[in-house]
Novice: 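Sharing a structure, written as C-alpha cells. Questions coming.
In each ligand, atom 1 is the first atom listed, and ligand 1 is the first ligand listed.
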Amino acid sequence: MLIRFWGTRGSIPVALTGAGVRQKIKQALLCANGRHFANDEAVERFIDEELDFPTRHSYGGNSACVDLVGVSEYMVCDMGSGLRSLGQQIMREHGPGTPQVYNFFMSHVHWDHLMGFPFFPPAYIPGNTIRIHGCHALSVMQEAFHRQQSDPCFPVDWQNLGADIALIHLEPGQWYEVNGFRVQAKLQPHHGDSYGYRFEKDGKAVVYSTDAEHKLESEEATDAMVDFYREADLVIFDAKYRCKIKFVSSSREGKQ
Ligand SMILES: [Zn+2]
C-alpha cells in the first residue's frame, strides 16, 4: 500500500515565500562551497545526494489531502487544497476521456478540508463517479458542499458539476467494505466533531486521524482511541494538537 500526501497543512494553505527561497539558495551555495560542476547532470547529482531534504524540497503548503494508491478506484482522505494537485496528476495520467471512480472520506467539513473540491477537474467531467463518505449528517455535508459552490462565492454551482456525485453516510464504529478495503470510522473530539478512518487491506492497516483533539479527560475515551490506532502500520496524525495518549504496556500485549 502506497500513501501519497498532497496536503498536510491545517487551517490555511501557504506558499513558499521569497525569504524561504532565499534561504534555500543560500544554504545550497554554502553547501556547494565554490565547487565547479561540469554539466547539468553533476548539478542534479549534487542536489539529490548532497543537499538535505529541507533545502532541495518544500512541504506542508497545501491543506489536508491524502490518497491510498494501488487499487482500481481512488481512495482519498479529505479534500483540502492538495486535492487540486492530485486532480492535475490524475489528468496527466488518464486525461479526461477515461472515467474513474473516486471514494472520498471526509474527516469533517471545516473549510480547510474541502476547499480543494471546486478545483478538482474530475468533478467537472461526465462519466466520473464520486462517492463522498462521511459520518456527519448528510444535511450538514450537503450544506457545506453546496455553500462552497454557489453564488456569490464560486462561479460554478454544485448542481452544474458533470460527474455523478453521491454523499454517503457512514456510522462510526461499523466496518464497511469499500473498493477492497475494510474501513471503520471513529469520532474524534473537535469543534463540530471530526472522524478518523482506519483502512485495512492485505494484512496492513493505515489510520488517517486529523483534527483530533485528545484531551485525556476520560480513560474510557483514551482507551477507545488507542484501540483505534492499535497495531496500525501507519498512523497519520496532526502535529497541531497535543496528543497525550498513554502508551502503557498492559495486558494487551503491550502493542499500542
Ligand atoms: Zn477542523
Side-chain angles (χ1 to χ4, degrees), residues 3-15 59-68 74-87 102-120 123 130-150 153-154 158 165 167-173 183-199 206-218 221-222 224-229 232 234-245:
I3 313 294
R4 296 189 294 192
F5 292 84
W6 299 94
T8 56
R9 185 164 291 270
S11 300
I12 191 166
V14 296
Y59 47 85
N62 278 311
S63 66
C65 183
V66 172
D67 85 318
L68 286 63
Y74 283 89
M75 301 284 282
V76 184
C77 296
D78 280 341
M79 303 176 173
S81 66
L83 181 61
R84 175 175 173 270
S85 304
L86 171 56
Y102 301 90
N103 296 290
F104 287 96
F105 297 87
M106 298 300 300
S107 63
H108 60 314
V109 291
H110 281 167
W111 195 30
D112 51 326
H113 293 257
L114 56 87
M115 59 168 53
F117 193 67
F119 304 95
F120 182 57
I130 296 178
R131 304 185 192 115
I132 303 173
H133 304 80
C135 299
H136 290 80
L138 285 179
S139 58
V140 171
M141 298 216 308
Q142 204 167 45
E143 185 182 4
F145 281 104
H146 286 204
R147 266 199 207 176
Q148 176 171 251
Q149 278 192 256
S150 61
C153 299
F154 198 78
W158 176 264
I165 304 175
L167 299 176
I168 298 171
H169 180 74
L170 301 183
E171 277 302 324
V183 184
Q184 189 192 58
K186 167 97 182 69
L187 174 64
Q188 305 173 136
H190 189 54
H191 183 85
D193 295 339
S194 76
Y195 294 87
Y197 293 91
R198 183 181 176 107
F199 300 92
V206 176
V207 177
Y208 177 77
S209 176
T210 183
D211 285 38
E213 303 172 46
H214 302 291
K215 300 184 191 304
L216 277 192
E217 288 166 353
S218 147
T222 302
M225 210 67 230
V226 171
D227 279 339
F228 188 59
Y229 296 151
L234 176 68
V235 174
I236 301 165
F237 193 81
D238 289 335
K240 180 175 179 180
Y241 299 106
R242 287 197 305 167
C243 175
K244 295 203 274 183
I245 283 180

Novice: Under the ring-ring contact (aromatic ring centres under 6.0 Å, His included) rule, collect the residues that match up with Phe5, sequence neighbours excluded.
Specialist: none
Novice: Can you say whether the rings of Tyr102 and Phe104 are parallel (under 30°), tilted (30 to 60°) or perpendicular (over 60°)?
Specialist: parallel
Novice: From Asp211, does some N, O or S atom reach closer than 2.8 Å to the Zn ion (ligand 1)?
Specialist: yes
Novice: For a distance under 2.8 Å, tell me if His113 has an N/O/S atom near the Zn ion (ligand 1).
Specialist: no
Novice: Could I get the full list of ring-ring contact (aromatic ring centres under 6.0 Å, His included) partners for Phe117, not counting sequence neighbours?
Specialist: Phe145, Trp158
Novice: When rounded to the nearest 0.5 angstrom, what is the spacing between CH2 in Trp6 and CG in Asn62?
Specialist: 10.0 Å
Novice: Got a sec: is His110 within less than 2.8 Å of the Zn ion (ligand 1) via an N/O/S atom?
Specialist: yes
